[in-house]
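Keep in mind that this is a model prediction, so the values were computed, not measured. Every heavy atom of this structure was used, including side-chain atoms; hydrogens, water molecules and symmetry mates were not.
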Amino acid sequence: MKQTTAKTTTTKTVKPAASAAKPATGTKPVPSAKPTASAKPTAAIPEKKIKVLFATTEAFPFAGTGGLGEVVGSLPKALNRLGVDARVIMPLYGSIPRKYRDKMQYIGNMRVWVGWRNQYCGVFRIDNDGVTTYFVDNEQYFLRDSIYGQHDDGERFTFFSRAVLECIPMLDFTPDIIHSNDHATALIPTFYKACYALMYGHTGIKNVFTVHNLEYQGCYPPHILGDVMGLGEDMRGVVDFNCQVNCVKSAIESADSVTTVSPTYAEEILRPDRAFGLSDILNRNRSKLVGILNGVNVEEYDPETSPFIAKNFNAEDPSGKAECKRALKKELGLEGDRPIIAVISRLAGHKGLDLVKGALCRNSYAFENADLVVLGTGERYLEDFFRYHASCHANSRALITFDKSLAQRIYAGADIFLMPSATEPCGLSQMMACRYGTIPIVRKTGGLADSIKDCRAGGGNGFVFEDYTVEALEATVADAVRMYGDKTEWSALMQRAFACDFSWNASARKYLELYKDLLKK
């Protein structure tokens, strides 16, 4: 990227005036003495802003592949509204749109050691939508077609983790807390503890590490410890797991606090069947494990203001939803007044789509009286199956693509949202569906269990089943389709879904309390 020198402005610090004149020396007043009428109250000392630097490999609107990008694109904004100074640092990908690249300010450059390699690192910044974002530039590592899945991911993310810590003195911002996210930034707390904790300009920083999905742990061959990471054998016990370098394991051991994206997921990953091998490590560190439910971007996913849907609506006047359904049926070539069951997901087996496939393969009675719309990309066998099923059934459509505006039209026009995941750390789609009055069907796991309550038990904002079986899915879908036929009951259920507050406000307050507690230690 072209480097331009930024003009530096020096701000003169003005000493604040004293809030009250000093008392004259003399007899000390008794404690019960009332202040005179002329005494001025002592000015309150403003609370110092907590400074948080979010380290991430993706953040919307710049670059992202899914939930992590959504979270880091929204949580810092919510924290800033609470008085935090939250900023983001991420790689400068070639895919970042030109409209953002043109607004970036060049800060400077330096060299970063990656084992024995001495690599160029440029640093840029942009102020966008109330959040300052810093970009780490190295075309060798980040001018790629995709964010993940490269042959040298271990080296690329080691470089980024080192660069985050190395560039802090170059920024106009020394964080109180570095908040790292998932396996690609999991080495940051490890490097901090091993190399930077006592270094000038870095002392006193706390490290928070968030597990967004424990299935992805950043595992690499053992030789990477010295050859790429540049760490000595004394760190082998922190980093190694099952004869591999395991980045997430190292972060769990090194960070001051480990968070997950829902309370139920924080409990689930302590169990051997859900921890992908790390249950003993997590149980040993369970005192610093916290689960905080994610929120969603309520400004972007808002049926009252969305420019992508046929007619805007809200809880007070939901009549526009019927128009959105008619428009969606017309767009997709569906006929009749059957309820629309929507799937908007990465097409993967653990998302519960094997259950959906199993039900459709045996011509499930549950789906006979509904239209099925599937939007997403993923594993080839599922893409092919849903395409084939749609070609054979007039009430089925398979949209094998990633299209956020189409997703909003489906959220707005569908009646039922299907998310029967085998595992789900948090999930955002079920929350987005509630925003549009589209009723979720979920399996009781992770964040799905924390956000959706079964309406069949009284109250509730959706349908929840527990057993991971085709039979349990079919029975729940059938119940939802039957309830859809009772317009009074369905309307009341929609209102309960509309009423759910899935904004980042509550979650951001919990993160703020976590930060405050850490800084007291």
Side-chain angles (χ1 to χ4, degrees), residues 44-56 58-60 67-90 127-134 164 168 171-182 185-186 188-189 192 202-212 251-252 254-267 285-300 425-428 431 447 450-451 500-521:
I45 299 174
E47 188 175 352
K48 178 180 175 288
K49 275 192 174 185
I50 296 175
K51 294 181 286 186
V52 182
L53 182 62
F54 279 83
T56 182
E58 52 183 281
F60 288 123
L68 174 58
E70 294 273 7
V71 169
V72 185
S74 300
L75 177 55
K77 285 194 292 186
L79 285 166
N80 287 344
R81 288 194 293 266
L82 295 177
V84 176
D85 187 354
R87 306 187 186 189
V88 176
I89 187 166
M90 65 180 291
D127 297 312
N128 182 73
D129 201 14
V131 177
T132 295
T133 301
Y134 301 100
V164 168
I168 286 175
L171 310 179
D172 57 344
F173 180 77
T174 303
D176 300 305
I177 291 169
I178 298 176
H179 191 147
S180 306
N181 294 271
D182 257 357
T185 58
I188 291 175
Y192 179 81
H202 294 79
T203 56
I205 297 174
K206 299 292 186 180
N207 277 272
V208 174
F209 175 68
T210 294
V211 177
H212 294 262
I252 293 169
S254 303
D256 299 291
S257 179
V258 178
T259 74
T260 69
V261 291
S262 71
T264 296
Y265 190 60
E267 296 171 3
N285 290 276
R286 68 187 304 166
S287 63
K288 57 184 179 183
L289 182 63
V290 180
I292 299 175
L293 186 68
N294 281 341
V296 295
N297 186 335
V298 295
E299 289 83 16
E300 181 176 4
C426 177
L428 301 177
M431 303 181 195
D450 293 322
S451 56
C500 296
D501 181 7
F502 291 127
S503 70
W504 271 106
N505 295 334
S507 302
R509 289 190 182 92
K510 291 180 181 178
Y511 275 109
L512 178 55
E513 290 306 311
L514 171 67
Y515 298 153
K516 288 180 176 178
D517 289 343
L518 275 182
L519 294 175
K520 291 175 184 176
K521 295 178 181 179

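For the side-chain hydrogen bond (donor to acceptor under 3.5 Å, both in side chains) with Thr210, the qualifying choice from Thr259, Asp182, Thr185 is Thr259, the only one to do so. Applying the side-chain hydrogen bond (donor to acceptor under 3.5 Å, both in side chains) test between His212 and each of Asn181, Asn294, Thr260 identifies Asn181 as the sole match. When each of Leu518, Ile177, Leu519, Ile205 is tested with Asp256 by the rule side chain to side chain contact (heavy atoms under 4.5 Å, CB included), just one qualifies, namely Leu518.
The two atoms that bring Gly295 and Leu428 nearest to each other are O-CD2, 3.4 Å, heavy atoms only. Asn285 and Ile252 make their closest contact through OD1-O, 3.6 Å (heavy atoms, listed as atom of the first residue, atom of the second, distance). Annotation for Met90 and Glu58: closest pair CE-CA, 4.1 Å, computed over non-hydrogen atoms. Across all their heavy atoms, Val131 and Arg87 have their closest contact at CG1-CA, 4.4 Å. Residues Ile292 and Ser507 come closest through the heavy atom pair CG2-O, 4.0 Å. Looking at every heavy atom in both residues, Ser451 comes nearest to Gly447 through OG-O, 2.8 Å.
Classification of the His179-Tyr511 ring pair by plane angle, with boundaries at 30° and 60°, yields tilted.
A donor-acceptor contact closer than 3.5 angstrom links the side chains of Thr264 and Asp450.
Within the 4.5 Å cutoff, no side-chain heavy atoms of Trp504 are placed close to those of Val298. Using a 4.5 Å heavy-atom cutoff, the side chains of Val290 and Lys510 are not in contact. Ile89 has its side chain out of reach of Phe173: every pair of non-hydrogen atoms, C-beta onward, lies at least 4.5 Å apart. Under the 4.5 Å side-chain criterion, counting only non-hydrogen atoms from C-beta, Val211 is not in contact with Pro425. Contact check for Tyr515 versus Val208: side-chain heavy atoms found under the 4.5 Å cut-off. Within the 4.5 Å cutoff, the side chain of Val88 has heavy atoms near those of the Val72 side chain.
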Test side chain to side chain contact (heavy atoms under 4.5 Å, CB included) applied to Thr133 and Asn128, step by step: CA-CA 8 Å; Thr133 301; Asn128 182 73; 5.9 Å; no
Side chain to side chain contact (heavy atoms under 4.5 Å, CB included) between Arg81 and Asn505, worked out: CA-CA 9 Å; Arg81 288 194 293 266; Asn505 295 334; 4.0 Å; yes
Under the criterion side chain to side chain contact (heavy atoms under 4.5 Å, CB included), I'd like the reasoning laid out for Leu293 against Cys426: C-alpha separation, chi angles, the key distance, then a yes or no. CA-CA 7 Å; Leu293 186 68; Cys426 177; 3.8 Å; yes
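Between the CD1 atom in Ile168 and the NE2 atom in His202 there is a gap of 4.5 Å [rounded to 0.5 Å]. The NZ atom of Lys288 sits 10.0 Å away from atom NZ of Lys521, with the distance rounded to the nearest 0.5 Å.
Looking at Lys51, its side chain does come within 3.5 Å of a backbone N or O of Thr174 through a donor-acceptor pair. In this structure a side-chain-to-backbone donor-acceptor pair under 3.5 Å is missing from Lys49 to Asn80. With hydrogens and angles disregarded, no donor-acceptor distance shorter than 3.5 Å links the side chain of Thr132 to the backbone of Asp127.
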